[in-house]
Every structure is written in structure tokens, then in C-alpha cells.
Amino acid sequence: MGYGIEDKKGFYQEYVGKWVVVYPAGINTQFSGKLVEIIDGYGALKPFQGGKIEKGKLVRKLIGDDGRSLVPLVGSAIEPTTKESIINYCKMFNKKSEESSSK
């Protein structure tokens, strides 16, 4: 067995079709959504957790109609999750945001 991007692609392939959180190496953020395909070392998430401006406020939600999110996979940690968990995280973020802005 050799090393390189092909081996990593095979590793990440087992997550295609599943809900995941991706923690890219060297980036202080995370990305979550449903991994639908792998393209040249990037994972395509659709739907994905993102932010939209609604009524002048940033609202976190699952975004699926506006394309997909490409996130780097090579060197990234990946964690399985559920759609419900992502939705609940969005609700919690939005509630905290609303509480902060009403103070």
C-alpha cells in the first residue's frame, strides 16, 4: 500500500452520503453538512451549514438550494454527525445571537 492523495480519497470515500463535520488542518473553523462527493481532494457538502442574512440578521441554517460547499479533505479530521444535530446547533447559535442582540 502506497501513500498519497489516492489513499486518503479512499479513506474519506466511506463518508460519502453521510452527515459529517470536517475539521481542516491549519484552519480554525469547521464545516458540516452531507458529504455528497469528493472532487480533487475536496469534499462537496450539500446541504451544508451556512449563514444567510435575513431581515438584517445573520441566521445559521442548512443551505441546499444555493449550490454546495467545497471543503479541503486532505489532512482534515472528519467526524460523523446527524442532520438533527446540525439543525439543533443552528437553532442554538441563532438563539444565542438573538439574546446577545436584545441586550
Side-chain angles (χ1 to χ4, degrees):
M1 174 183 259
Y3 295 94
I5 197 164
E6 289 305 314
D7 292 334
K8 294 294 185 185
K9 182 177 180 180
F11 170 77
Y12 295 113
Q13 194 68 36
E14 73 180 78
Y15 293 98
V16 172
K18 297 179 180 171
W19 293 89
V20 297
V21 181
V22 179
Y23 303 92
I27 301 174
N28 190 21
T29 193
Q30 65 190 38
F31 301 92
S32 56
K34 187 172 188 179
L35 183 62
V36 293
E37 67 180 312
I38 298 172
I39 306 165
D40 296 328
Y42 288 85
L45 301 177
K46 182 174 183 168
F48 61 95
Q49 182 197 141
K52 283 197 163 195
I53 303 295
E54 294 181 358
K55 299 178 184 176
K57 295 179 183 179
L58 175 64
V59 177
R60 288 266 178 205
K61 61 195 297 183
L62 278 178
I63 300 172
D65 297 335
D66 297 342
R68 60 188 177 197
S69 176
L70 289 177
V71 299
L73 289 180
V74 177
S76 296
I78 192 164
E79 175 181 291
T81 190
T82 63
K83 180 179 181 179
E84 293 76 22
S85 180
I86 295 171
I87 290 170
N88 287 334
Y89 176 84
C90 291
K91 288 177 182 177
M92 181 189 71
F93 177 89
N94 294 335
K95 183 178 178 183
K96 286 188 176 198
S97 234
E98 186 67 32
E99 289 170 355
S100 294
S101 65
S102 66
K103 289 183 180 179

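Remember, predicted model here, so these are calculated numbers, not experimental data. We use all heavy atoms of the structure for the numbers below, so side chains are in, but hydrogens, waters and symmetry mates are not.
Interatomic distance, OG of Ser85 versus NZ of Lys83, reported as 13.0 Å (0.5 Å rounding). Between the CZ atom in Arg68 and the NZ atom in Lys34 there is a gap of 15.0 Å [rounded to 0.5 Å]. Annotation: the span from Lys91 atom NZ to Lys61 atom NZ amounts to 13.0 Å, rounded to 0.5 Å. Residue Asn88 holds its CG atom at 7.5 Å from OG1 of Thr82, rounded to the nearest 0.5 Å. To the nearest 0.5 Å, the span separating CD on Gln49 from CD on Gln30 amounts to 7.0 Å. Interatomic distance, Leu58 CG to Ile53 CD1, rounded to the nearest 0.5 Å: 5.0 Å.
Heavy atoms only, all atoms of each residue included: Lys46 and Val36 are closest at O-CG1, 3.3 Å. Considering every non-hydrogen atom in both Val22 and Pro72, the closest pair reads CG1-O, 3.9 Å. Taking all atoms of both residues into account, the shortest heavy-atom contact from Ala25 to Ser76 is N-OG, 4.0 Å. Taking each heavy atom of Phe31 and Pro24 in turn, the nearest pair found is CE1-CG, 3.6 Å. Of all the heavy atoms in Ile86 and Gly33, the pair that sits closest is CD1-N, 3.7 Å.
Cluster annotation: Ile63 is not connected to Val59 through the hydrophobic network of ILVMFWY side chains, with a link wherever side-chain heavy atoms come within less than 4.5 Å. At a threshold of 4.5 Å between side-chain heavy atoms, the hydrophobic network of Ile, Leu, Val, Met, Phe, Trp and Tyr places Val20 and Tyr12 in one connected group. No continuous path of ILVMFWY side-chain contacts below 4.5 Å connects Met92 to Val21, so the two sit in separate hydrophobic clusters. Hydrophobic clustering (side-chain heavy atoms under 4.5 Å, transitive across Ile, Leu, Val, Met, Phe, Trp, Tyr) groups Trp19 together with Ile87. A chain of hydrophobic side-chain contacts below 4.5 Å, direct or via other Ile, Leu, Val, Met, Phe, Trp or Tyr residues, connects Leu73 to Tyr15.
At least one donor-acceptor pair closer than 3.5 Å links the side chain of Asn94 to the backbone N or O of Arg60.
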**Report entry** Verdict with reasoning, Leu45 to Leu35, per side chain to side chain contact (heavy atoms under 4.5 Å, CB included)
**Finding:** CA-CA 5 Å; Leu45 301 177; Leu35 183 62; 4.1 Å; yes
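Heavy-atom neighbours of Tyr42 OH from other residues, nucleotides or ligands within 6.0 Å: at or below the threshold of 12.
Counting heavy atoms from C-beta outward, Lys18 and Pro80 have side chains that stay 4.5 Å or more apart.
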